[in-house]
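Some notes on the structure that comes next.
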Amino acid sequence: MIDWKYINKFIGIPFKLGGRDKNGIDCIGLVWKYLHEQDYKVELHKNCTAEWIKNANFSEWIELVKSYGEPIEVNQLQENDILYFAWKGEIHAGIYIGYNKYLHISSKTSSRLSRLNEAAKKHIIAIMRPSKTQKKILPPAEIGRAHV
């Protein structure tokens with residue numbers, strides 16, 4: 001069952017590349033914080049830094065993200081699954097919250113819920129399922145920071 005009170009505390013956080021708290025956060029920071037506060041065993045990959053993201057080669061970046069993906073199909077999504085999207089030289093991450101919605105943030109907006117529509121589904125490149133017992137490494141993601 002979805003805890004809307006918990007989700008609401010993550011809506012409206014301003015964007016900050018490399019940010020990791022309610023004063024400013026980027027998309028992978030939002031994913032990490034949302035899961036970490038629920039006692040999931042998640043850690044950020046060493047490349048989850050503003051400097052690395054600003055200089056990332058898109059082809060190498062996409063392969064890195066895919067290497068952490070799991071064999072989960074979109075129709076098998078569960079609450080708290082981590083979604084990675086790629087389009088136009090950008091990689092983005094969000095959390096599936098159920099009801100065909102996901103929590104995310106971009107450089108142009110504060111954190112929010114969006115509908116996981118067919119157009120968005122076509123851009124999913126990797127899905128990860130977090131665990132409270134097994135450590136998961138979250139690869140880097142961010143909107144509009146990669147060099148193609």
Side-chain angles (χ1 to χ4, degrees), residues 1-56 58 61-87 90-117 119-146:
M1 182 170 182
I2 293 180
D3 182 348
W4 291 105
K5 186 176 179 181
Y6 180 73
I7 291 169
N8 283 335
K9 80 179 209 174
F10 288 93
I11 294 175
I13 301 171
F15 176 83
K16 179 181 177 189
L17 185 61
R20 299 292 180 251
D21 60 40
K22 67 179 183 172
N23 296 315
I25 203 161
D26 60 19
C27 69
I28 197 60
L30 180 66
V31 168
W32 172 80
K33 187 166 184 56
Y34 183 86
L35 294 171
H36 184 75
E37 287 188 10
Q38 294 180 73
D39 297 321
Y40 282 95
K41 305 288 184 211
V42 290
E43 290 183 17
L44 295 172
H45 188 277
K46 66 181 181 175
N47 292 346
C48 290
T49 65
E51 182 177 331
W52 188 89
I53 289 169
K54 285 179 183 178
N55 297 305
F58 185 66
W61 190 0
I62 205 166
E63 290 307 312
L64 174 66
V65 170
K66 284 182 174 181
S67 73
Y68 283 88
E70 299 175 52
I72 300 167
E73 298 294 324
V74 173
N75 64 354
Q76 299 170 326
L77 283 172
Q78 295 178 9
E79 188 178 325
N80 293 331
D81 279 352
I82 304 157
L83 306 172
Y84 281 86
F85 304 87
W87 66 92
E90 303 171 345
I91 295 179
H92 184 50
I95 292 287
Y96 184 72
I97 61 137
Y99 298 98
N100 219 25
K101 294 182 186 267
Y102 65 106
L103 174 69
H104 65 119
I105 189 170
S106 75
S107 59
K108 296 177 179 133
T109 66
S110 59
S111 58
R112 67 194 186 284
L113 292 178
S114 290
R115 187 164 219 17
L116 187 61
N117 59 29
K121 289 177 184 177
K122 289 179 184 177
H123 293 286
I124 294 173
I125 59 164
I127 299 171
M128 295 175 64
R129 184 154 292 149
S131 171
K132 291 189 176 186
T133 58
Q134 180 186 9
K135 180 174 74 172
K136 300 276 182 149
I137 304 295
L138 304 179
E142 192 43 65
I143 289 288
R145 301 297 178 193

*Inter-residue atom distance Phe58.CZ - Ile91.CD1, 0.5 Å rounding*: 5.0 Å
_Any residue meeting side chain to side chain contact (heavy atoms under 4.5 Å, CB included) with Lys66, in chain and number order, not counting sequence neighbours_ = Ile62, Glu63, Ile125
*Taking all heavy atoms of Ala120 and all of Asn117, pick out the closest pair and write down the distance.*
N-OD1, 2.8 Å
*Nearest-0.5 Å distance, CG of residue Leu77 to CD1 of residue Ile127*: 4.5 Å
*Can you sort out the partners of Arg129 under salt bridge (Lys or Arg N to Asp or Glu O under 4.0 Å), two or more places apart, ordered by chain and number?*
Asp81
*Please answer whether the main-chain N or O of Cys27 pairs with a side-chain N or O of Glu142 as donor and acceptor at a distance below 3.5 Å.*
yes
_Residues forming a side chain to side chain donor-acceptor pair (under 3.5 Å) with Ser67, sequence neighbours excluded_ = none
*With sequence neighbours excluded, residues passing salt bridge (Lys or Arg N to Asp or Glu O under 4.0 Å) with Glu37*: Lys9, Lys33
_With Lys22 via salt bridge (Lys or Arg N to Asp or Glu O under 4.0 Å) - residues at least two apart_ = none
*asked:* I'd like to know if the side chain of His123 and the backbone of Ala86 have a donor-acceptor N/O pair within less than 3.5 Å.
replied: yes
*Passes side chain to side chain contact (heavy atoms under 4.5 Å, CB included), Ser110 versus Ile13? Steps please.*
CA-CA 5 Å; Ser110 59; Ile13 301 171; 5.8 Å; no
*Could I get the full list of salt bridge (Lys or Arg N to Asp or Glu O under 4.0 Å) partners for Lys41, not counting sequence neighbours?*
none
*asked:* Asn100 vs Lys121, test: side chain to side chain contact (heavy atoms under 4.5 Å, CB included). Steps then yes/no.
replied: CA-CA 10 Å; Asn100 219 25; Lys121 289 177 184 177; 3.9 Å; yes
*Roughly how far apart are Asp21 CG and Ile25 CD1, rounded to 0.5 Å?*
7.0 Å
*Measure up the Trp32 and His36 rings against each other and bin them: parallel (under 30°), tilted (30 to 60°), perpendicular (over 60°).*
parallel
*Search all heavy atoms of Ala141 against all heavy atoms of Trp61 and return the closest pair with its distance.*
CA-CZ2, 3.6 Å
*asked:* So, using side chain to side chain donor-acceptor pair (under 3.5 Å) as the criterion, who are the partners of Thr49 when residues are at least two apart?
replied: none
*Evaluate the side chain to side chain contact (heavy atoms under 4.5 Å, CB included) criterion for residues Val31 and Leu103: first the C-alpha distance (whole Å), next the side-chain angles of each, then the deciding distance (0.1 Å), finally the verdict.*
CA-CA 8 Å; Val31 168; Leu103 174 69; over 6 Å; no
*Flag the pair Glu70 / Ile82 as yes when at least one side-chain heavy-atom distance between them is below 4.5 Å, and no otherwise.*
no
*Compare every heavy atom of Tyr84 with every heavy atom of Ala93, then report the nearest pair and how far apart it is.*
CB-CE2, 4.0 Å
*From Tyr99 atom OH to Leu113 atom CG, the distance as rounded to the nearest 0.5 Å*: 12.5 Å
*Could you pull out all residues at least two apart from Ser114 that satisfy side chain to side chain contact (heavy atoms under 4.5 Å, CB included)?*
Tyr102, His104, Arg112
*Heavy atoms of other groups near Lys135 NZ, more than 12 under 6.0 Å*: no
*asked:* With side chain to side chain contact (heavy atoms under 4.5 Å, CB included) as the criterion, how do Tyr96 and Val74 come out once you've worked through the C-alpha distance, each side chain's angles and the decisive distance to 0.1 Å?
replied: CA-CA 10 Å; Tyr96 184 72; Val74 173; over 6 Å; no
*asked:* Could you work out, with side chain to side chain donor-acceptor pair (under 3.5 Å) as the rule, every residue matching Arg115, not counting sequence neighbours?
replied: none
*Above 12 or not: heavy atoms from other molecules or residues under 6.0 Å from NZ of Lys16?*
no
*Quick one: list whatever passes side chain to side chain donor-acceptor pair (under 3.5 Å) with Tyr40, sequence neighbours left out.*
Asn80
*Spatial distance of atom CG (Leu116) from atom CD1 (Ile124) [nearest 0.5 Å]*: 5.0 Å
*Does Gln76 CD have over 12 foreign heavy atoms under 6.0 Å away?*
yes
*By ring pair (Phe, Tyr, Trp, His ring centres under 6.0 Å), which residues pair with Phe10, not counting sequence neighbours?*
Tyr6, Tyr34
*Can you name the residues that form a side chain to side chain contact (heavy atoms under 4.5 Å, CB included) with Tyr68, not counting sequence neighbours?*
His45, Leu64, Met128, Ile137, Pro139
*How far does CG of Leu17 sit from CD1 of Ile53, to the nearest 0.5 angstrom?*
5.5 Å
*Heavy-atom distance under 4.5 Å between the side chains of Ile97 and Trp4, does that happen here?*
yes
